[in-house]
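Structure provided below as structure tokens; questions to follow.
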2 protein chains.
Amino acid sequence: MLIGELAARTQVPAKTIRYYEEVRLMAPPARAPNRYRDFDQPAVERLKFIRGAQSLGFGLGEIREIIAYRDRGETPCAHVLDLIQRRSRELVERIDELRRSQKELEKLARRARRLSPKDCEPSQICHLLAPAGSD
Amino acid sequence: MLIGELAARTQVPAKTIRYYEEVRLMAPPARAPNRYRDFDQPAVERLKFIRGAQSLGFGLGEIREIIAYRDRGETPCAHVLDLIQRRSRELVERIDELRRSQKELEKLARRARRLSPKDCEPSQICHLLAPAGSD
DNA sequence: CTTGACCTTCCAGTGTGGAGGAAGGTCTAG
DNA sequence: CTAGACCTTCCTCCACACTGGAAGGTCAAG
């Protein structure tokens with residue numbers, strides 16, 4: 001199938017598919033006599049795999065690693081499990097960080113609704129974002 | 001004070017301070033006769049303000065907006081409150097997204113520990129990351 | 001007078017994941 | 001035969017927030 005059809009089937013832009021090939025995420029496909037790329041069904045699966053892994057937060061580099069295992073004929077499972085667990089732990093930390101920021105923002109918003117602009121002190125840029133005191 | 005001292009006081013690299021000036025986050029400071037930058041106390045506050053706002057997830061563009069209000073002599077409070085609330089909502093969404101990803105990863109990890117590499121099907125790149133079925 | 005620690009400007013590159021566009025080849029329909 | 005819808009390669013650029021390095025000026029100590 002041509003790149004446009006693959007793009008339509010997977011919802012991945014043709015430009016992006018060529019890019020994945022360039023960065024060795026997708027194997028170079030067969031070429032028709034007119035040099036058009038001619039993709040097969042596994043290409044569809046691989047592309048879906050890439051987007052799926054991406055949506056789980058894996059970067060293209062990690063995805064390439066996983067695929068490389070498979071391409072060497074090894075089962076990537078142990079490696080993938082490791083990646084999964086690492087990313088899971090990273091996510092937990094990141095979520096915690098964001099939750100703290102979000103709480104801080106809510107605190108600021110409450111403070112902002114209580115105070116009026118008249119309380120602005122010229123010495124500060126904005127009291128709302130001044131180093132937070134107790135609230 | 002020289003840029004190095006400002007850097008030491010605020011823990012912001014001198015290079016970054018020059019960068020902030022270049023992108024109009026920091027006002028161009030006075031210059032000594034030798035053309036060295038000569039910062040005053042408000043520069044310290046502004047720099048701390050920038051880093052503080054940054055740690056709350058504001059981008060440099062948003063921070064510049066806030067500062068611009070102040071520099072025009074207006075109280076940025078209403079605008080800032082709006083930004084705070086928007087970012088807070090964004091964060092809630094983002095956190096939810098990440099939490100879903102993280103749950104999905106945990107599910108995959110559980111599955112991985114139950115299955116053995118022998119279960120790998122050659123037709124897939126890695127069954128662990130295949131489109132998830134019921135678990 | 002030299003050394004070393006500062007400072008200056010300017011130009012270029014980092015990483016991530018692509019997007020945009022030019023110039024040109026190919027295929028199908030009418 | 002021509003239009004237009006594909007496809008090809010190649011090159012450049014985007015946001016984001018810096019960071020590195022070259023080449024050179026300045027200043028205080030010894």
Side-chain angles (χ1 to χ4, degrees), chain A residues 1-26 28-40 43 46-67 83 87 90-91 94 97-98 101, chain B residues 1-26 28-40 43 46-67 83 87 90-91 94 97-98 101:
Chain A
M1 96 194 62
L2 296 184
I3 198 169
E5 192 186 334
L6 179 59
R9 279 203 209 180
T10 56
Q11 301 297 301
V12 177
K15 208 104 201 190
T16 301
I17 297 172
R18 289 194 198 97
Y19 169 70
Y20 286 168
E21 182 185 334
E22 187 192 328
V23 298
R24 304 193 335 280
L25 264 169
M26 297 287 286
R31 295 288 183 139
N34 57 12
R35 298 195 38 71
Y36 287 12
R37 287 174 180 80
D38 183 16
F39 293 96
D40 50 11
R46 177 166 289 205
L47 213 38
K48 284 185 185 166
F49 173 79
I50 292 170
R51 296 303 257 208
Q54 225 178 353
S55 79
L56 287 175
F58 291 99
L60 298 188
E62 289 169 320
I63 298 173
R64 180 165 42 231
E65 269 187 81
I66 297 170
I67 293 178
L83 277 179
R87 176 137 296 272
E90 280 168 18
L91 267 188
R94 181 83 185 118
E97 231 176 83
L98 292 185
S101 282
Chain B
M1 98 194 62
L2 296 184
I3 199 170
E5 192 186 335
L6 179 59
R9 279 204 208 180
T10 57
Q11 301 298 300
V12 177
K15 205 106 200 186
T16 301
I17 297 172
R18 289 193 199 97
Y19 169 72
Y20 286 168
E21 181 184 336
E22 187 192 328
V23 297
R24 304 191 336 279
L25 266 168
M26 298 285 288
R31 296 287 183 139
N34 57 11
R35 300 194 35 73
Y36 287 10
R37 286 173 180 80
D38 183 16
F39 292 95
D40 50 12
R46 177 166 289 203
L47 213 37
K48 285 185 183 167
F49 173 78
I50 292 171
R51 297 303 256 206
Q54 226 178 352
S55 79
L56 287 176
F58 291 99
L60 297 188
E62 289 170 321
I63 298 173
R64 180 166 40 231
E65 270 188 81
I66 296 169
I67 293 177
L83 277 179
R87 177 136 298 273
E90 279 168 18
L91 268 188
R94 181 83 185 117
E97 231 176 82
L98 293 185
S101 283

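Throughout, protein chains are lettered first and strands after them, A, B, ... in sequence-line order, and every chain is numbered starting at 1.
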Where along residues 8-19 of chain B does a heavy atom come under 4.0 Å from DNA chain C, residue by residue in number order?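 Under 4.0 Å from DNA chain C: B:Arg18.
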Return the value, rounded to whole Å, for the distance between atom CD of B:Glu22 and atom P of C:dC10.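 From B:Glu22 CD to C:dC10 P: 9 Å.
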Nucleotide C:dG25, atom C1' - distance to CG of A:Leu2 in whole Å: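 Answer to the nearest Å: 14 Å.
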Atom CZ of B:Arg31 and atom C1' of C:dT9: how far apart are they, to the nearest Å?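 Taking CZ of B:Arg31 and C1' of C:dT9, I get 10 Å after rounding.
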Take B:Arg51 and A:Phe39, find for each the nucleotide of DNA chain D with the closest heavy atom, and name the residue whose nucleotide sits nearer the 5' end.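 By nearest-heavy-atom nucleotide position, the 5'-most residue is A:Phe39.
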Closest nucleotide of DNA chain D for B:Gly61 versus for B:Asn34: which of these residues is on the 5' side?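 In this pair, the answer is B:Gly61.
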Calculate, to the nearest 0.5 Å, the distance between atoms CG and CG belonging to B:Leu47 and B:Leu25 respectively.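 Going from CG on B:Leu47 over to CG on B:Leu25, the span is 9.5 Å.
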Residues in side chain to side chain donor-acceptor pair (under 3.5 Å) with B:Arg24, at least two apart?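 B:Arg24: no side chain to side chain donor-acceptor pair (under 3.5 Å) contacts found.
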Could you check how far CD1 of A:Ile63 sits from C1' of C:dG18, rounded to whole Å?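 After rounding, the reported distance stands at 14 Å.
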Under 4.0 Å from a heavy atom of chain A: give me the 5'-most and 3'-most nucleotides of DNA chain D that qualify.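 So the contact region on DNA chain D extends D:dC6 to D:dT9.
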Residue list, salt bridge (Lys or Arg N to Asp or Glu O under 4.0 Å) with A:Arg94, at least two apart or on another chain: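 Result, salt bridge (Lys or Arg N to Asp or Glu O under 4.0 Å) vs A:Arg94: A:Glu97.
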Sequence neighbours excluded - salt bridge (charged side-chain N to carboxylate O under 4.0 Å, His left out) pairs with any residue from residues 7-18 of chain B: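 Pairs touching residues 7-18 of chain B that pass the test: B:Glu5-B:Arg9.
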Nearest 0.5 Å, please: how far is CZ in A:Arg46 from CD1 in A:Ile17?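 Reported to 0.5 Å precision, the distance equals 13.5 Å.
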Is there side-chain contact between B:Ile63 and B:Phe49, with heavy atoms separated by less than 4.5 Å?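 Result yes, sub-4.5 Å side-chain heavy-atom pair found.
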Hey, are the side chains of A:Arg87 and A:Leu56 touching, using non-hydrogen atoms and a 4.5 Å cut-off?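 No, too far: nothing below the 4.5 Å cut-off.
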Can you check the A:Tyr36 OH to C:dT28 C1' distance for me, whole Å?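 Checked: the OH to C1' distance equals 11 Å.
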Of all residues at least two apart in sequence or in a different chain, which pass the salt bridge (Lys or Arg N to Asp or Glu O under 4.0 Å) check with B:Arg37?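 Residues passing salt bridge (Lys or Arg N to Asp or Glu O under 4.0 Å) with B:Arg37: B:Glu21.
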Please list, one pair per line, the donor and acceptor atoms closer than 3.5 Å that link side chains of residues 28-36 of chain B to other protein atoms, with sequence neighbours excluded.
{"from": "B:Arg31", "atom 1": "NH1", "to": "B:Arg35", "atom 2": "O", "distance (Å)": "2.9"}
{"from": "B:Asn34", "atom 1": "OD1", "to": "B:Tyr36", "atom 2": "N", "distance (Å)": "3.0"}

What is the distance, rounded to the nearest whole Å, between atom CG of A:Leu25 and atom P of C:dT16?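 So the two atoms are 12 Å apart, to the nearest Å.
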Give me the one residue out of B:Thr10, B:Ile66, B:Ile67 that meets side-chain contact (heavy atoms from CB on, under 4.5 Å) with B:Ile50.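 Exactly one pass, corresponding to B:Ile67.
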Base C:dG18 to side chain A:Tyr20, donor-acceptor N/O within 3.5 Å cut-off: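 No pair found.
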Please round to 10 degrees the angle between the axis of the first five pairs and the axis of the last five pairs in the helix from C:dC1-D:dG30 to C:dG30-D:dC1.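 Computed from the C1' atoms at both ends, the axes differ by 30°.
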Only counting residues at least two apart or in another chain, list the ones meeting side-chain contact (heavy atoms from CB on, under 4.5 Å) with B:Thr16.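 So B:Thr16 forms a side-chain contact (heavy atoms from CB on, under 4.5 Å) with B:Val12, B:Pro13, B:Tyr20, B:Arg51.
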